[in-house]
Peer 1: 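The structure that follows is given in the form of structure tokens.
Each chain gets a letter, A, B and so on, in the order its sequence line appears, and its residues count up from 1.
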Amino acid sequence: MKPVTRIQSHTVVLPTRDIDTDQIIAARFLTTTSREGLGKNAFYDLRYDKDGKEKPEFALNQPEAKGCGILIAGNNFGCGSSREHAPWALLDFGIEAVISTEIADIFRNNALKNGLVAIVVDDDSHQWFMDNPGVELTIDIEDLSITGNDGRTTEFSMDGFARHCLLEGIDQLGYLRQQQDAIAQFEENRSWKP
Amino acid sequence: MSSPTTLFEKVWSDHVVVEETTDTPAVLYIDLHIVHEVTTPQAFSVLRENKLPVRRRDLTLPTLDHSTPTTPVSSFKDLLVAGEGAARQVRQMEQNCEEFGLDLLGYGSGRRGIVHVIGPELGATQPGKTIVCGDSHTSTHGAFGALAFGIGTTEVGHVLATQCLLQRKPKTLAVNVEGQLPPGVTAKDLILAVIGKIGVDGGTGHVIEYRGGAITALDMEARMTICNMSIEAGARAGMIAPDETTFEYLEGRERSPQGAEWDEAVARWKRLRTDDGASFDKTVTIDANKLTPMVTFGTNPGMVVSIENAVPERNDASFQKALDYMQVEPGKKMTENAVDVVFVGSCTNGRISDIAEAARVLEGRKVANGVRMLVVPGSELVKAEAEARGLDRIIVAAGAEWREAGCSMCIGMNGDIAQPGQLTVSTSNRNFEGRQGVGARTVLASPATAAASAIAGHVADPRDFS
Ligand code: SF4
């Protein structure tokens, strides 16, 4: 994984609450066996009508949304299925960070493991982001802060380990494999065997 | 004396390999890893790239469920009914299992089925185990007092390679269900009511323990229905303390402990309960006596209403968007909506008691003209048992389709979908936009409500079909 220390981009706002992973990447696109190329199908049914034409009213289709890497989402983003295809699709689509008032557990875990920065902020800051689509923000993972181009700063918190892995680009499998001895000892010593 | 702890804490602490610190999550040992074709191909690729074996093949249970057709399969051509990508994914899974030495419960095993149906029915799901799968409804297995939760594909790779996961300890939420479910009201109605009450994010960051008289009165299959939908309330896992009902269900199953090991296991399982005086981070109480059959009216499982009441009104853009998608009107009952498709199946309600309940309602009656009804057993074993009991004949005689085992229309990855605008009454767990096909509208309900709706041709109260 590439280290992620700072993200600087314009925002695109998707105000709907409870955007589930089925909407991020529909089930019919899950029959893939690779993690590449899912971006073209991200939000497919929200982006396109039944004839495959772009829906102009959808936020991510608007001309000013092109190239925006920070998604401001409604409450409880990423609920539903555990499919990691959701963060893979968002990253491939060009989204580098998602900011909401609440982000579903499994989605957040999956996102951070892939370098997609999932951030929960307070209601007031969130409302300001919602009301100001397209602003340029700088997300600093070192300082855990979001700064607007007007100087407005919002702080957020993040699990220390997740932050460390992002900053250093650490692959968690490598970290787990360093625990091999402890794992073998646990298997040896437990009072019952599964 | 040590301080009182919850069921969750007992199972958690029994599996901690390395304690968590402020800087690092805990290393948690996994006792059972269920794997399937959809969420593993990229994980097997990671093993291959790193030249790693599967660490504990004996604790890994692979099957095929999502991308499989519900028509008979004896060749690759038959798999193509589900689409080319789906067929390739199934083939890839077969090859991965072969390459990594895993004993796949696939075609020809007689044991294939939905990940969350086969674990319990084989007796592999047991109290006190940690169980994971790359599928969010792994919460189902918590019905046995296991700590069971869904993981992403990266984590599937972690478990395959190390049999462990990096985890932060979640919080606990007690859902106390007092009283007794009235006649004609089922576990599905109860869990829909719980989600309606706490909301689709009410359990975020928590493990739920379902407690109280109305829960202990449930049989194992009903308890699985409850725990299954914990994720719909945002919770990672749902648990129910094991008791005699649990032990009776497990005794004699294929992978249950036998002989002296059985007695030892039961003695250990009996200690798996929340101590008196243990505290939860949050508590919610529900009165079962007041419940009725429930149906969803919107596009998430928290948008739920009693079959007796009208769809509520709310001044909220997301709420209105959901009603527009569903083409339902506030102030009107859901029973006013005509039905196009009825689906009985899934890891929520695709077990033998669910099929039997649908058959009970269908017996001697006919599915309404113009309604398509699919009944899809959750596993090949469920299918065999239903056929041994003659349930398939009742279902077919009523004009419904009796299909091969799998996830089917719950997720629509195999070609079993509803058409745009069609309304499906479904016993599955998600009514998200497009879940059962582009533009398809889903109403979640119990097997009895689904079967009643198939006969009536509109969303119907199952208590009128007793
Ligand atoms: S039945 Fe539905 S919810 Fe259950 S595992 Fe299959 S797709 Fe997932």
Peer 1: Val27(B) versus chain A, heavy atoms under 4.5 Å apart: side chain, backbone, both or neither?
Peer 2: side chain
Peer 1: Side chain, backbone, both or neither: which part of Ile231(B) has a heavy atom under 4.5 Å from chain A?
Peer 2: side chain
Peer 1: Heavy-atom distances under 4.5 Å only: say whether Phe186(A) touches chain B with side chain, backbone, both or neither.
Peer 2: side chain
Peer 1: What part of Arg430(B) lies closer than 4.5 angstrom to a heavy atom of chain A: side chain, backbone, both or neither?
Peer 2: side chain
Peer 1: Using the benzene-type ring in the case of Trp, are the ring centres of Phe58(A) and Tyr48(A) under 6.0 Å apart?
Peer 2: no
Peer 1: Provide the closest heavy-atom pair for Gly78(A) versus Ala104(A) in the form atom of the first, atom of the second, distance.
Peer 2: O-CB, 3.3 Å
Peer 1: Can you check whether His141(B)'s main-chain N or O pairs, donor with acceptor, with Thr125(B)'s side chain at less than 3.5 Å?
Peer 2: no
Peer 1: Taking every non-hydrogen pair under 4.5 Å, which of Asn75(A), Ile106(A), Asn110(A), Asp45(A) racks up the most with chain B?
Peer 2: Ile106(A)
Peer 1: Does any backbone or side-chain atom of Asp31(B) lie under 4.5 Å from a heavy atom of chain A? Answer side chain, backbone, both or neither.
Peer 2: both
Peer 1: Give the member of Lys321(B), Arg168(B), Glu232(B), Lys129(B) that has the highest number of heavy-atom pairs under 4.5 Å with chain A.
Peer 2: Arg168(B)
Peer 1: Around atom CD of Glu136(A), are there more than 12 heavy atoms from other residues, nucleotides or ligands closer than 6.0 Å?
Peer 2: yes
Peer 1: Among Arg83(A), Lys113(A), His164(A), Arg108(A), who wins on heavy-atom pairs under 4.5 Å with chain B?
Peer 2: Lys113(A)
Peer 1: Here's a test for you: under side chain to side chain contact (heavy atoms under 4.5 Å, CB included), which of Ile139(A), Leu71(A), Val117(A) qualifies with Ile99(A)?
Peer 2: Ile139(A)
Peer 1: Is it the side chain or the backbone of His15(B) that comes within 4.5 Å of chain A heavy atoms, both, or neither?
Peer 2: both
Peer 1: What are the two closest heavy atoms between Gln42(B) and Ser34(A), and how far apart are they?
Peer 2: NE2-O, 2.9 Å
Peer 1: In terms of heavy-atom proximity below 4.5 Å to chain B, should Asn189(A) be classed as side chain, backbone, both, or neither?
Peer 2: neither
Peer 1: Any donor-acceptor pair under 3.5 Å linking the side chain of Lys193(A) with the backbone of Glu187(A)?
Peer 2: yes
Peer 1: Only pairs of heavy atoms separated by less than 4.5 Å count here; which of Thr32(A), Asn114(A), Asn109(A) has the most with chain B?
Peer 2: Thr32(A)
Peer 1: Relative to the ring of Tyr44(A), is the ring of Phe29(A) parallel (under 30°), tilted (30 to 60°) or perpendicular (over 60°)?
Peer 2: tilted
Peer 1: By a 4.5 Å heavy-atom criterion (distance strictly below it), what part of Asn414(B) contacts chain A: side chain, backbone, both, or neither?
Peer 2: neither
Peer 1: Below 4.5 Å, heavy-atom pairs only: which of Asp201(B), Leu32(B), Asp23(B), Val156(B) has the largest tally toward chain A?
Peer 2: Asp201(B)
Peer 1: Counting only non-hydrogen atoms closer than 4.5 Å, does Ile151(B) touch chain A with its backbone (N, CA, C, O), its side chain (CB onward), both, or neither?
Peer 2: backbone
Peer 1: Can you tell me if Thr24(B) uses its side chain to pair, donor with acceptor, with the backbone of Glu20(B) under 3.5 Å?
Peer 2: no
Peer 1: Heavy-atom cut-off 4.5 Å, strictly under: side chain, backbone, both or neither for Val38(B) against chain A?
Peer 2: both
Peer 1: With only heavy atoms counted, which part of Ala184(A) is less than 4.5 Å from chain B, the side chain, the backbone, both or neither?
Peer 2: both
Peer 1: Of the backbone (N, CA, C, O) and the side chain (C-beta and beyond), which part of Ala182(A) lies under 4.5 Å from a heavy atom of chain B, both, or neither?
Peer 2: both
Peer 1: Taking the inter-plane angle between the rings of Phe107(A) and Phe77(A) on a 0 to 90° scale, is it parallel (under 30°), tilted (30 to 60°) or perpendicular (over 60°)?
Peer 2: perpendicular
Peer 1: Which residue out of Ala86(B), Gly83(B), Pro170(B) racks up the most heavy-atom pairs below 4.5 Å with chain A?
Peer 2: Ala86(B)
Peer 1: Please rank Arg163(A), Arg28(A), His85(A), Arg177(A) by heavy-atom pairs under 4.5 Å with chain B and give me the top one.
Peer 2: Arg177(A)
Peer 1: Which residue out of Asn300(B), Val16(B), Leu52(B) racks up the most heavy-atom pairs below 4.5 Å with chain A?
Peer 2: Leu52(B)
Peer 1: Using the benzene-type ring in the case of Trp, are the ring centres of Trp269(B) and Trp262(B) under 6.0 Å apart?
Peer 2: yes
Peer 1: Measuring heavy-atom distances to chain B, does Gln185(A) have an atom under 4.5 Å in its side chain, in its backbone, in both, or in neither?
Peer 2: neither
Peer 1: Can you tell me which portion of Gln172(A) sits under 4.5 Å from chain B's heavy atoms? Options are side chain, backbone, both or neither.
Peer 2: both
Peer 1: Output the option from Thr40(B), Val438(B), Thr39(B) having the highest count of non-hydrogen pairs under 4.5 Å with chain A.
Peer 2: Val438(B)
Peer 1: With respect to chain B, which residue among Thr16(A), Asp18(A), Asp20(A) yields the maximal number of heavy-atom pairs within a distance under 4.5 Å?
Peer 2: Asp20(A)
Peer 1: Could you look at Ala317(B) and say if it's the side chain, the backbone, both or neither that has a heavy atom under 4.5 Å from chain A?
Peer 2: neither
Peer 1: Would you say CD of Glu155(A) has more than 12 non-hydrogen atoms from neighbouring residues, nucleotides or ligands within 6.0 angstrom?
Peer 2: no
Peer 1: Evaluate whether atom CD of Glu57(A) has more than 12 neighbouring non-hydrogen atoms of other residues, nucleotides or ligands under 6.0 angstrom away.
Peer 2: yes
Peer 1: Between Arg55(B), Gln92(B), Glu433(B), who has the most heavy-atom pairs with chain A when the cutoff is under 4.5 Å?
Peer 2: Arg55(B)
Peer 1: Ignoring hydrogens, what is the shortest heavy-atom contact between Ser100(A) and Ala73(A)? Give both atom names and the distance.
Peer 2: OG-O, 3.3 Å
Peer 1: With only heavy atoms counted, which part of Ser67(B) is less than 4.5 Å from chain A, the side chain, the backbone, both or neither?
Peer 2: side chain
Peer 1: Ignoring hydrogens, what is the shortest heavy-atom contact between Leu80(B) and Glu84(B)? Give both atom names and the distance.
Peer 2: CD2-CA, 3.9 Å
Peer 1: Considering only heavy atoms, which portion of Val46(B) lies under 4.5 Å from any heavy atom of chain A: side chain, backbone, both, or neither?
Peer 2: side chain
Peer 1: Pick from Ser136(B), Cys347(B), Pro301(B): which one makes a side chain to side chain contact (heavy atoms under 4.5 Å, CB included) with Asn429(B)?
Peer 2: Cys347(B)
Peer 1: Side chain, backbone, both or neither: which part of Arg190(A) has an atom under 4.5 Å from a heavy atom of chain B?
Peer 2: side chain
Peer 1: Looking at Cys133(B) and His116(B), what are the two nearest heavy atoms and their distance?
Peer 2: SG-CE1, 4.2 Å
